[in-house]
Protein chains: 2
Amino acid sequence: MVTIYDVARHAGVSAATVSRVLNGHTQVDPALAERVTSSVAELGYRRNAVARNLRRSRTTLWAVIISDVENPFFTAMVRGVEDIALTAGYSVVLCNSDENPEKESNYIAAALTEQMAGVIISPSSNRVDDVKLLLDAGCPVVVIDRELQGPRTDTVLVDNEHGAELATTHLVEQGYRRIACIGGPRWLSTATSRYEGYRRALSTAGLPLDPALVRYADFRERGGFEAMASLLDDGAEPDALFAANNLMTVGALECLVQRERTIPSDIAVVGFDSIPWADLIRPTLTTVAQPAYEVGRQAGQLLTRRLAKPDADVTRIVLPTELQVRASSIRQA
Amino acid sequence: MVTIYDVARHAGVSAATVSRVLNGHTQVDPALAERVTSSVAELGYRRNAVARNLRRSRTTLWAVIISDVENPFFTAMVRGVEDIALTAGYSVVLCNSDENPEKESNYIAAALTEQMAGVIISPSSNRVDDVKLLLDAGCPVVVIDRELQGPRTDTVLVDNEHGAELATTHLVEQGYRRIACIGGPRWLSTATSRYEGYRRALSTAGLPLDPALVRYADFRERGGFEAMASLLDDGAEPDALFAANNLMTVGALECLVQRERTIPSDIAVVGFDSIPWADLIRPTLTTVAQPAYEVGRQAGQLLTRRLAKPDADVTRIVLPTELQVRASSIRQA
DNA sequence: TTGTAGGCGTTATCAC
DNA sequence: GTGATAACGCCTACAA
């Protein structure tokens with residue numbers, strides 16, 4: 001490996017001068033600088049970021065800990081983070097916790113030992129301890145998609161309750177009366193908020209909240225499938241479904257297809273969070289759209305801000321959701 | 001920050017002993033070890049990976065440079081890599097090059113300066129130089145999904161040509177005669193192999209290769225859309241389409257839907273590489289399935305192997321593809 | 001403006 | 001088996 005000393009010798013200057021040329025915040029004689037840069041090129045020198053990070057005791061890495069890489073919502077979000085990170089001079093390390101609190105803990109530990117500059121996380125549990133670990137270590141944290149109870153951290157959310165309410169109200173307005181709900185894990189604020197929106201819409205409409213029409217699943221495809229199957233098998237006879245995330249919606253649809261139910265005449269469907277190619281599915285799928293990319297951007301900006309001003313006020317951003325009505329929820333004549 | 005010296009003082013031993021306990025490859029008196037571990041717990045010590053990496057002059061990070069995080073093929077692949085990495089004691093840094101050679105170069109430079117233990121890459125160009133940079137620096141590289149001309153590296157591919165041939169032959173057997181092809185960028189082996197499979201199937205069937213039926217796009221949704229529009233607008237009048245990747249297939253479908261063409265009676269469709277929820281699309285989509293997760297696993301294993309034996313023979317793995325026939329390619333009565 | 005020198009936190013090589 | 005001690009490669013006071 002060629003070090004800064006090799007360059008220094010080759011250019012006939014001291015290592016300090018090489019460092020200064022490389023970093024550029026100090027004045028260096030143009031002639032020397034020139035010699036240095038050409039030596040760098042000639043020797044094919046690249047600076048060792050590990051040594052640099054140790055010396056400066058900070059890195060330029062952000063850990064983005066998400067709960068599912070295969071969920072398009074999170075990948076879109078990651079792109080948002082990435083775009084901000086790059087312009088701010090950081091790189092993104094993507095960690096996939098798989099909704100598994102243990103994996104999550106491991107990644108947080110890694111973020112700490114690797115001296116990551118900051119962490120953006122969609123927590124897969126309410127285990128506040130892990131996030132507190134980061135905070136206590138002085139590692140800036142931005143929580144996304146889910147709200148954490150205890151620690152005060154910068155947070156980027158979407159308006160889950162309102163979105164769910166819109167979705168459910170839309171079904172009510174279409175004349176559906178037995179509206180089922182496949183909710184997410186009860187310990188995630190995302191899930192409870194969406195359930196709350198559903199509940200409120202029913203209440204506003206004067207419809208009963210029938211527990212037989214409610215299932216809780218795990219925000220995954222299989223969970224949605226099984227919840228739907230259970231709704232059908234238990235004779236709850238819903239005439240419509242509100243599913244609380246994209247993958248569960250897909251699972252529920254798979255189930256309905258397999259059972260040969262026609263959408264929306266047998267049962268109408270609205271999903272929370274869009275899926276790619278929603279308009280290729282037949283019937284096209286009504287969804288509550290979330291600004292996934294923008295969530296990522298905002299999170300990135302919050303992190304950048306906090307890195308610059310470690311004790312700025314804690315910010316909580318709530319982005320709007322939007323109901324996109326397509327065929328799956330339109331009552332037939 | 002609490003260092004190894006703090007722990008040493010607290011436990012009444014030397015820093016060297018703490019290090020030995022932490023790393024565990026040397027014998028340490030159980031009594032001392034006990035004191036060290038409890039001091040570690042008490043002080044909340046975590047080792048500084050940056051310092052450690054500098055001292056050991058290696059890291060436990062793999063860079064996985066993929067060309068599109070939003071393509072389900074790559075996310076599935078990443079999961080495969082990740083699973084191997086974790087069991088082998090490495091972490092994965094996901095880098096999204098966006099099919100942009102410049103971004104790719106930056107990530108490669110970063111992998112080098114960050115002293116990454118290894119790189120898994122789906123190159124977005126034929127610019128061999130970047131990969132050579134890695135190789136020259138002694139950084140193990142596994143190339144996936146695309147074949148690189150010059151440098152001999154471990155590679156994991158799928159049987160693109162055969163898959164494409166199967167797909168096209170299937171269309172021929174269904175009685176289609178004007179089979180269009182939307183191919184990928186001509187500088188990617190993946191694209192040329194798939195085109196070659198298409199060409200060969202036509203040739204075997206004694207069908208002419210009509211240039212008016214061929215378009216080259218960029219492996220993205222919009223590119224597929226535009227290529228399909230061009231095929232329709234230029235009066236090429238295809239009765240079937242073979243699209244060379246998943247996102248372009250989606251784009252082409254969007255176009256066909258918009259133009260109100262019926263699949264498969266107006267035009268049959270087969271795509272290369274599956275998309276999630278292919279069976280929710282109507283008609284269901286015939287695809288050439290690739291073992292994306294397995295590609296990732298194999299790449300991870302190749303990298304692990306090379307890390308252990310730096311000058312083992314270069315391996316080239318070709319995984320099989322499989323035609324999954326669904327409704328979009330079945331000729332109507 | 002430039003060079004010297006110390007140290008970031010760890011691990012590995014010595015002696016003991 | 002354990003403890004000093006010297007690196008790993010870089011940055012940055014400080015002195016010149």
Side-chain angles (χ1 to χ4, degrees), chain A residues 1-37 39-40 43-61 89 109-110 112-117 137-139, chain B residues 1-37 39-40 43-61 89 109-110 112-117 137-139:
Chain A
M1 149 160 268
V2 26
T3 78
I4 209 171
Y5 280 93
D6 299 319
V7 177
R9 196 173 318 120
H10 189 271
V13 297
S14 75
T17 300
V18 177
S19 175
R20 285 193 269 259
V21 171
L22 257 33
N23 292 302
H25 22 248
T26 327
Q27 284 296 345
V28 175
D29 183 282
L32 288 195
E34 168 53 30
R35 260 153 62 201
V36 168
T37 42
S39 291
V40 164
L43 299 177
Y45 166 81
R46 358 184 117 259
R47 99 169 122 212
N48 181 330
V50 176
R52 178 173 213 242
N53 292 338
L54 175 59
R55 176 59 235 243
R56 306 178 27 158
S57 50
R58 59 199 152 103
T59 67
T60 61
L61 252 36
L112 243 22
T113 64
E114 300 281 351
Q115 316 287 109
M116 301 271 186
C139 178
Chain B
M1 150 161 270
V2 28
T3 79
I4 209 170
Y5 277 94
D6 300 318
V7 176
R9 197 173 318 119
H10 189 271
V13 297
S14 76
T17 300
V18 177
S19 177
R20 284 194 270 259
V21 172
L22 258 31
N23 292 301
H25 21 248
T26 328
Q27 283 297 344
V28 175
D29 184 284
L32 289 194
E34 169 54 30
R35 259 153 63 199
V36 168
T37 41
S39 291
V40 164
L43 300 178
Y45 166 81
R46 358 185 117 260
R47 98 169 123 216
N48 182 329
V50 177
R52 178 172 211 238
N53 292 338
L54 174 60
R55 177 59 236 240
R56 307 178 37 167
S57 51
R58 60 198 149 102
T59 67
T60 61
L61 253 36
L112 242 24
T113 63
E114 300 280 351
Q115 316 286 108
M116 300 272 187
C139 177

How close or far is atom [atom2] of [N] from atom [atom1] of [X], stated in whole angstroms?
{"X": "A:R35", "N": "C:dG3", "atom1": "CZ", "atom2": "C1'", "answer": "14 Å"}
{"X": "B:L112", "N": "D:dG9", "atom1": "CG", "atom2": "P", "answer": "15 Å"}
{"X": "A:L32", "N": "C:dT1", "atom1": "CG", "atom2": "P", "answer": "11 Å"}
{"X": "A:Q27", "N": "D:dT12", "atom1": "CD", "atom2": "C1'", "answer": "17 Å"}
{"X": "B:N53", "N": "C:dT10", "atom1": "CG", "atom2": "P", "answer": "12 Å"}
{"X": "A:D29", "N": "C:dG3", "atom1": "CG", "atom2": "C1'", "answer": "14 Å"}
{"X": "A:N23", "N": "C:dT2", "atom1": "CG", "atom2": "P", "answer": "15 Å"}
{"X": "B:R9", "N": "D:dG3", "atom1": "CZ", "atom2": "P", "answer": "14 Å"}

Nearest atoms (heavy-atom pairs only) where [X] meets [Y]:
{"X": "B:T113", "Y": "A:R47", "answer": "CB-O, 3.3 Å"}
{"X": "B:V2", "Y": "B:L43", "answer": "CG1-O, 3.8 Å"}
{"X": "B:Y45", "Y": "B:I4", "answer": "CE1-N, 3.6 Å"}
{"X": "A:S39", "Y": "A:V7", "answer": "CB-CG1, 4.0 Å"}

* What are the residues of residues 13-21 of chain A, sorted by number, that bring a heavy atom to within less than 4.0 Å of DNA chain C? -> A:V13, A:S14, A:A16, A:T17, A:R20
* To do: With rounding to the nearest 0.5 Å, note down the distance linking CZ in B:R46 to OG1 in B:T3.
  => 15.0 Å
* Asked: Can you tell me how far the CG atom of A:N53 sits from the CD atom of A:E114, to the nearest 0.5 Å?
  -> 10.0 Å
Report the residues that fulfil side-chain contact (heavy atoms from CB on, under 4.5 Å) with [X], sequence neighbours left out, ordered by chain and then residue number.
{"X": "A:S14", "answer": "A:A16, A:T17"}
{"X": "B:D29", "answer": "B:A31, B:L32"}
{"X": "A:A110", "answer": "none"}

* To do: Report the end-to-end axis angle of the helix from C:dT1-D:dA16 to C:dC16-D:dG1; each axis comes from five terminal pairs, and the value is rounded to 10°.
  => 40°
* Structure fact -> So the salt bridge (Lys or Arg N to Asp or Glu O under 4.0 Å) pairs with at least one residue in residues 2-23 of chain A (sequence neighbours excluded) are A:D6-A:R9
Would you tabulate the pairs of protein nitrogen or oxygen atoms and nucleotide nitrogen or oxygen atoms of nucleotides 6-9 of chain C closer than 3.5 angstrom?
residue : atom : partner : partner atom : Å
C:dG6   : N2   : A:R55   : NH1          : 2.4
C:dG7   : N2   : A:R55   : NH1          : 3.3
C:dC8   : O2   : A:R55   : N            : 3.4
C:dG9   : N2   : B:A51   : O            : 3.4

Pairs of donor and acceptor atoms involving the side chains of residues 54-61 of chain B, under 3.5 Å and at least two apart or interchain, shall be tabulated with distances.
residue : atom : partner : partner atom : Å
B:T59   : OG1  : B:L61   : N            : 3.4
B:T59   : OG1  : B:Q115  : O            : 2.9
B:T59   : OG1  : B:A117  : N            : 3.3

